[in-house]
Asks: 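This is the structure I want to talk about, given as structure tokens.
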Amino acid sequence: MYNRFGLSIILLIFILSLGSCGSLTVETFYENGAVVTSSPTASEIGLEILKQGGNAFDAAVAIGFALAVTHPEAGNIGGGGFALTYNAVTDEIHALDFREKAPGGATVDMFLDSNGFVAENSSLLGSRSAGVPGTVAGLFSLWEKYGSLGWYQLLQPAYKLADTGFILDQYLANSITSFGNELKQFPETKSIFFPENIAPKPGDRFTQKNLAATIQRIALDSLNGFYSGKTADLIVETMTKYDGLISHDDLNSYKPVWRRPVNFQFDSLDIYSMPPPSSGGVLLGMILKLLEPVDFSIFAPKSPEYIHHFAEACRLAYSERATHLGDPEFVDNPLDVMLSDDFLDARRELIDENQAGISHEIESGIPQNFLESESTTHFSIADKFGNLVSLTYTLNTEYGSKLVVGGAGFLLNNEMDDFSIKPGVANVYGLVGGRANEIVSGKRMLSSMSPTIALKNGKPALVLGSPGGSKIITTVAQAIVNISRFGLSPEQIVNMPRFHHQWLPDSLYLEEGGFDINIKQALIAKGHNIHERSRYSELMIITINEDGMKTGAADPRCNGSVSGY
Ligand code: GLY
């Protein structure tokens with residue numbers, strides 16, 4: 001409809017809107033495809049694949065591998081993740097689970113010392129913190145089901161970036177430098193990030209020859225290039241050297257799973273998100289459905305009344321996470337009950353519009369410190385065929401276990417920390433867990449990742465997701481409220497300061513610098529324990545209007561970018 005005169009016209013519509021900080025922002029609409037990732041190089045690679053005629057699924061594969069090279073703190077082939085897909089031909093939405101699994105040798109008390117205490121950092125650092133990686137199998141399954149370009153072709157941009165290197169920008173140089181002490185602990189890791197013991201500088205060329213060779217083995221041999229043969233041998237050798245558990249059997253038997261997404265309605269949006277082993281979709285649904293009947297006419301995006309209601313909905317939703325949710329192969333997740341009107345109507349009765357609840361009175365639990373460390377990465381893609389991909393994948397914390405597989409050049413995750421390593425003891429995100437998420441050999445650990453897609457009037461309307469550990473869910477929920485109730489644009493939404501409550505600890509987290517003293521005092525007067533946080537989540541969002549025009553925004557808190565045509 002925009003290709004008048006038979007020309008391939010790139011239509012850019014510029015709309016000026018007032019950003020949250022009061023500055024004028026420019027929105028660019030793309031007729032064909034749009035890609036939002038946490039790395040400008042990866043966004044351009046995704047765009048190039050779309051321009052070559054590839055679809056959103058092809059672009060997701062190319063981006064997934066490219067981020068493993070350009071965004072090593074979270075992009076990965078040694079971790080795992082989830083994707084939501086919308087196929088325009090079949091009008092179907094599916095959820096792809098390529099979460100890591102506990103190795104066969106894992107046991108329920110593997111991170112406890114002889115006195116039954118959690119051994120410090122044991123689930124976060126080194127070989128035993130790693131689950132069996134799922135990313136390569138997940139991206140391959142995505143390509144096998146929906147890809148249109150060749151697998152080998154899709155991996156070549158990542159291979160070249162690793163082999164010939166790329167110029168380090170300020171963001172990555174700072175990131176590597178700030179994790180220097182941890183990255184220098186293992187010689188395999190130090191030799192990549194601190195060759196000659198020198199911190200990398202912006203402008204340096206960063207090459208990763210071993211990673212390039214691994215990517216090329218995967219390009220040539222697909223799954224066998226990672227889960228068997230040389231790469232698998234190198235993983236097992238590294239495990240042997242560092243007393244790890246991942247075996248050839250674990251690697252050979254790893255399988256991603258296509259699952260039915262969590263689906264619920266909020267206002268006019270038909271929302272699909274990730275089911276267990278992620279808690280993301282069901283908690284997102286609970287939060288939004290608890291809020292749905294609330295009259296927003298007196299609320300503003302930063303008003304204390306809205307923040308209070310949102311926090312109280314989160315308190316109720318997160319209180320269910322610890323008790324009920326876990327890997328569906330091992331645990332019966334009561335999703336239908338958790339999202340039912342009867343249950344949510346009864347829970348909503350507990351919300352007092354003037355007074356914060358008390359988390360211990362809602363469910364028992366032990367408040368824990370809420371440590372500051374999380375790194376995951378999300379990308380959103382919409383193509384000219386109408387397909388969508390919303391993909392979040394991770395090593396867990398920044399640079400995962402900090403352990404690079406010797407000779408293979410990639411970091412292993414530290415996802416074992418997402419299990420409940422001891423009932424009542426919080427993980428790195430301050431989340432407490434119970435038996436549903438205890439460690440069992442071959443089990444997937446519970447996640448908060450929430451890649452999400454929404455339709456409006458049966459048509460694609462929204463692709464979004466975020467890193468941020470437990471804050472992922474509240475970030476995605478706030479984005480949907482900001483669109484549906486406050487009418488904000490993607491650019492305005494990514495610029496909004498965020499807030500978070502997760503039941504335990506009983507604290508309302510406000511993004512530092514985002515809320516003035518009057519807002520804070522009003523929330524304190526309602527009984528909230530306020531804490532400010534500087535690190536926050538990174539929303540990557542694309543919206544699609546009724547004419548199929550796409551606009552996106554990458555979170556200014558990271559190094560992300562939007563590419564489109
Ligand atoms: N590793 C963070 C999460 O999966 O939620």
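In listed order, ligands and their atoms are each counted from 1.
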Asks: Give a yes/no verdict on a cation-pi contact between Lys145 and Phe57, requiring under 6.0 Å between NZ or CZ and the six-membered ring centre and an angle within 45° of the axis.
Replies: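 Here Lys145 fails the 6.0 Å and 45° test against Phe57.
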Asks: Has ligand 1 got any nitrogen or oxygen that is less than 3.5 angstrom from a nitrogen or oxygen of Thr394?
Replies: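 Thr394 vs ligand 1: no N/O contact under 3.5 Å.
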Asks: What part of Glu415, side chain from CB on, backbone N/CA/C/O, both or neither, has a heavy atom under 4.0 Å from ligand 1?
Replies: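 Answer for Glu415: side chain.
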Asks: For atom 4 (O) of ligand 1, which protein heavy atom lies nearest, and how many Å away is it?
Replies: Ser447 OG, 2.7 Å
Asks: Please report the interatomic distance CG(Asn181) to NZ(Lys402), rounded to the nearest 0.5 Å.
Replies: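 That separation rounds to 11.5 Å.
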Asks: Check whether any side-chain N or O of Ser401 sits under 3.5 Å from a backbone N or O of Asn414 as a donor-acceptor pair, and report yes or no.
Replies: no
Asks: For ligand 1, which atoms, with element, lie under 4.0 Å from some heavy atom of Ser448?
Replies: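 Ligand 1 atoms under the 4.0 Å threshold to Ser448: 3 (C), 4 (O), 5 (O).
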Asks: Check each atom of ligand 1 against the heavy atoms of Met449 and keep those under 4.0 Å away; list them by number with element.
Replies: 4 (O), 5 (O)
Asks: Is it the case that the side chains of Ser175 and Tyr399 hold a donor-acceptor pair, with the cut-off being a distance below 3.5 Å and no angle test?
Replies: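 Yes.
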Asks: N/O to N/O below 3.5 Å, does that happen between Thr376 and ligand 1?
Replies: no
Asks: Number the atoms of ligand 1 from 1 as they appear, then name those within less than 4.0 Å of a heavy atom of Asp418, with their elements.
Replies: 1 (N), 2 (C), 3 (C), 4 (O), 5 (O)
Asks: Look at Arg557 together with Glu511 and state whether they make a salt bridge at an N to O cut-off of under 4.0 Å.
Replies: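 Answer for the salt bridge query: yes.
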Asks: Applying a heavy-atom cut-off of 4.0 Å, say which part of Arg99 lies close to ligand 1: side chain, backbone, both or neither.
Replies: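 Answer for Arg99: side chain.
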Asks: Is it the case that the side chains of Thr37 and Ser43 hold a donor-acceptor pair, with the cut-off being a distance below 3.5 Å and no angle test?
Replies: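 Checked: Ser43/Thr37 side chains pair up, N/O donor to acceptor below 3.5 Å.
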